[in-house]
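When reading the values below, keep in mind they use all heavy atoms of this one structure, side chains included, and skip hydrogens, waters and symmetry mates. Computed from a predicted model, the values in this text were never measured in an experiment. Residue numbers start from 1 in every chain, and the chains themselves are labelled A, B, ... in the order their sequence lines are given, proteins ahead of strands.
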Number of protein chains: 4
Amino acid sequence: MPDSTRDRAHQGRDKRGLILESAIKVFARTGYHGSRVSDIAREAGIAYGLVYHYFKNKEEILETIFEEQWSGFLGAVDAIADGSSATEDKLLSIAGLILNAYRVRTDWVKVLVFEIQRSPRFRNPDQIRAISRLFQIVARILRDGQKAGELRDDLDPDIACYVFIGGLDIVVTSRVLELIEIEPGTPDEAQYHLKVARTMVDLFLNGIRNPEGDS
Amino acid sequence: MPDSTRDRAHQGRDKRGLILESAIKVFARTGYHGSRVSDIAREAGIAYGLVYHYFKNKEEILETIFEEQWSGFLGAVDAIADGSSATEDKLLSIAGLILNAYRVRTDWVKVLVFEIQRSPRFRNPDQIRAISRLFQIVARILRDGQKAGELRDDLDPDIACYVFIGGLDIVVTSRVLELIEIEPGTPDEAQYHLKVARTMVDLFLNGIRNPEGDS
Amino acid sequence: MPDSTRDRAHQGRDKRGLILESAIKVFARTGYHGSRVSDIAREAGIAYGLVYHYFKNKEEILETIFEEQWSGFLGAVDAIADGSSATEDKLLSIAGLILNAYRVRTDWVKVLVFEIQRSPRFRNPDQIRAISRLFQIVARILRDGQKAGELRDDLDPDIACYVFIGGLDIVVTSRVLELIEIEPGTPDEAQYHLKVARTMVDLFLNGIRNPEGDS
Amino acid sequence: MPDSTRDRAHQGRDKRGLILESAIKVFARTGYHGSRVSDIAREAGIAYGLVYHYFKNKEEILETIFEEQWSGFLGAVDAIADGSSATEDKLLSIAGLILNAYRVRTDWVKVLVFEIQRSPRFRNPDQIRAISRLFQIVARILRDGQKAGELRDDLDPDIACYVFIGGLDIVVTSRVLELIEIEPGTPDEAQYHLKVARTMVDLFLNGIRNPEGDS
DNA sequence: CATGAATGAGAATTCATTCAT
DNA sequence: GATGAATGAATTCTCATTCAT
């Protein structure tokens, strides 16, 4: 009896998770508006009525995808920020985390980039706040770096963090849009991302100006 | 007769432009999917059937908004790139151009950010190419700067341009999302944008690392 | 031009009225809940989308049927009440009006009886008020009769009116339910209704007690 | 073992009755169509699947409510009709019975009035016959009164009974619709109903005409 | 050019009912 | 008996688009 109870609860969890996974796949493929609830159900191999057992409506599926995945992501970023490594390493870790997300969870990143991040649907305070937490964490890293004397303190960290996140964000978006093709010489995607991450952190820390330049 | 013909042609132009303006307002307010053709028509004060005289369908309105406005914007950026000023000034000009766009044409920027930039609808090659032209122009500026010895040439301009555009892009997006509140001390929006533009170019050129730091 | 304008307006009116007529037929046949909007459209020979051009939703059709028809009916009753005839004649006229309604507009009466009069949907103040106006008019007739000395004034007109309307109401309902079959001897429906009207007014005025009875 | 069996059977009875009671409450509150099977189950504190152990479907619940309660009601009316009291007293008893039903079993009366009495669902012969039995009993009382010389015998009892029942019916309906507010002077509802019952029987027996009137 | 009536494909959502556990 | 996950038929309503006037 306790077994069957667990099983059923387990099944319920499974189905819910299955629906979310399927929704991510389908949304990534055809976009939120281009996807019917029945498409999600077909992808999950269930009747579409069941979707409404677990979610109030199509909208709630998207919100749940965002919430559950984003909070996990923020957790990882938070852990990096709280670490004791040098600012440079923290930034490198975050850049790596973000750039690798696309490789590891391509569909989720697609949904995030196309359907969530800037969707008119997501202009509500809760979701805006959730997104802005990423900026706050990076700003905190920068502030810590300033206090430690590693970083210039004449730059507003609340603005500087935009440059860092913005750069990464656009790289990811460009990958999603297939704007960037990996250079022929690069052995694989991971290598390329490593190079990008290093370039971005280097640029962010040292700037692009030629120190020997005459300007 | 030539007069009335001109008038009518003129009217036609006007109506077409009126529809586009109205569509920008309406899309900015309720999003592309949340806006009905009749909403656009009501905003323009015309019958909705008339919209189909000027545009094939709703989709074409959005495409036209993008094309007409984006090419104008690209032209301005191009002019800056082609100028003879120092790289730093070029970047400052571009940052100013982008940051001011939100002030001057808020609704258009909203539509760009929410409906166009990353819409699944806009994953077609033509539009992707149009967007990537902005990156190419900025990369060109950077390349020119490298040739002139102003900029380090160990950094890939095709990656570096992401940091610059990405930073600006996120700032604009954040303004649209009302993530950023202008600091109390700042007299007005224009002042704030000027400060942000300077900070970003400074950061981009010189980096955030403390040159006197011990790391 | 004024002609075509009138024509179009006329057409609009016609279609709206056509939809209402069709809805009455369909609702009478299969009940409000048993009728699909598409049934109404098919009955009217139009596309069902057009129904939503003229009415917000299915509900509004029913409300409109009630409002437009009921106010006409109330007007007729009001006219009788305002007349100068004797109370007995007024009551006879009202009884005749109500009893004949079923013959003349069977479908409407069916809808009134089954879908409107006591529908849980119609428990809202406006509609309750509309219905109660019938009671008020009859009560006014009775009050006038009392003032004129024609009627006993020890009976509360606000209660007495229930007996009169209630009797008629149930007769009509029973006809709709086909509870009553017209007696074989009666030549036709109209004759039968005349007899019922007279019986009811006689009963209402004189009572059923045998005046020569010993009780 | 016999004990547990009895208990379970007992429970079964209880659950069935519980479902019926809950259904009456829920139907009274939101109407048959506005109520979901799960609402009834929640009201009863059981799983909605269990409802289908006791009833074939939602429809059968409503039918059962009608049948079980109506036959009890008819039994009470029958008993009054079969009694040896004077016609006036019989009518008074019936009026009292009906008028008090609303006080004692408000929800049931609401369901009867809104969902059963005139529902298109209830146009089937069996249920029409069940309802018409009430009319037959009252007609029998009237016929008996005519035979006993208490009542005029020039009035068709099959029509006269409509006036009596119709009056009561409308009063009850009006109470349900909250059309009638109890007069301020009246101490309580029961008192008010007593007054109404007396008025209606008086009116029914003696008529409203002023015997001293000149008409 | 202009209008808005007319069309109907399309999708979301509801909820009665079944059934494995 | 009891549960509630699972199913999917059924319908409402929206709205882009067409077209007669």
Chemist: Can you tell me which nucleotide in dC13(F), dA2(F), dT17(E) comes closest to the side chain of Lys15(D)?
Modeler: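 Looking only at heavy atoms from C-beta outward on Lys15(D), the closest nucleotide is dA2(F).
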
Chemist: Who are the ring pair (Phe, Tyr, Trp, His ring centres under 6.0 Å) partners of His33(D), not counting sequence neighbours?
Modeler: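 Ring pair (Phe, Tyr, Trp, His ring centres under 6.0 Å) check on His33(D) returns His33(C).
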
Chemist: Can you check whether His53(A) has a side-chain N or O nearer than 4.0 Å to OP1 or OP2 of dA5(F)?
Modeler: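 For dA5(F), OP1 or OP2 has a side-chain N or O of His53(A) closer than 4.0 Å.
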
Chemist: Hey, can you pull the residues of residues 26-36 of chain A with a non-hydrogen atom under 4.0 angstrom from DNA chain F?
Modeler: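 Output list: empty, so none.
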
Chemist: Only pairs at least two apart or in different chains count here, so list each salt bridge (Lys or Arg N to Asp or Glu O under 4.0 Å) that has a residue in residues 28-55 of chain B.
Modeler: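 The answer is Lys25(B)-Glu43(B), Arg29(B)-Glu43(B), Arg36(B)-Asp39(B), Asp39(B)-Arg42(B).
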
Chemist: Is DNA chain E part of any stem, that is, at least 3 consecutive Watson-Crick or G-U pairs with both distances under 3.5 Å, and where?
Modeler: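 Detected stem regions: E:2-21 with F:2-21.
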
Chemist: If the condition is side chain to side chain donor-acceptor pair (under 3.5 Å), which residues does Arg105(B) pass it with, not counting sequence neighbours?
Modeler: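 Arg105(B): side chain to side chain donor-acceptor pair (under 3.5 Å) contacts with Gln69(B).
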
Chemist: Which residues satisfy the ring pair (Phe, Tyr, Trp, His ring centres under 6.0 Å) test with Tyr32(D), sequence neighbours excluded?
Modeler: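 Once residues adjacent in sequence are excluded, the partners of Tyr32(D) under the ring pair (Phe, Tyr, Trp, His ring centres under 6.0 Å) criterion are Phe27(D).
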
Chemist: The criterion is side chain to side chain donor-acceptor pair (under 3.5 Å); which residues satisfy it with Thr30(C), sequence neighbours excluded?
Modeler: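 Applying side chain to side chain donor-acceptor pair (under 3.5 Å) to Thr30(C) gives Ser35(C).
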
Chemist: Mind checking side chain to side chain contact (heavy atoms under 4.5 Å, CB included) for Ala130(B) and listing every partner two or more places apart, or none if nothing turns up?
Modeler: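 Per chain and number, Ala130(B) pairs via side chain to side chain contact (heavy atoms under 4.5 Å, CB included) with Phe66(B), Trp70(B).
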
Chemist: Report yes if at least one side-chain N or O of Tyr52(A) is closer than 4.0 Å to OP1 or OP2 of dT14(E); otherwise report no.
Modeler: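 Result: no.
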
Chemist: My understanding is that only residues two or more places apart in sequence, or in another chain, count here; which of them pass ring pair (Phe, Tyr, Trp, His ring centres under 6.0 Å) with Phe114(B)?
Modeler: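 Result, ring pair (Phe, Tyr, Trp, His ring centres under 6.0 Å) vs Phe114(B): none returned.
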
Chemist: To the closest 0.5 Å, what do you measure between OH (Tyr54(B)) and CG (Leu20(B))?
Modeler: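 The OH atom of Tyr54(B) sits 11.0 Å away from the CG atom of Leu20(B).
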
Chemist: Of the residues in residues 42-51 of chain C, which ones touch DNA chain E at a heavy-atom distance under 4.0 Å?
Modeler: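 Here the set is Ile46(C), Ala47(C), Tyr48(C), Gly49(C), Leu50(C).
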
Chemist: Does anything in residues 106-117 of chain A pair up under salt bridge (Lys or Arg N to Asp or Glu O under 4.0 Å), and if so which pairs, sequence neighbours excluded?
Modeler: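 Every pair satisfying salt bridge (Lys or Arg N to Asp or Glu O under 4.0 Å) with a residue in residues 106-117 of chain A: Glu115(A)-Arg121(A).
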
Chemist: Please identify each residue that fulfils side chain to side chain contact (heavy atoms under 4.5 Å, CB included) with Ile46(C), with sequence neighbours left out.
Modeler: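 Residues passing side chain to side chain contact (heavy atoms under 4.5 Å, CB included) with Ile46(C): Lys15(C), Ile19(C), Ala41(C), Ala44(C), Leu50(C), Val51(C).
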
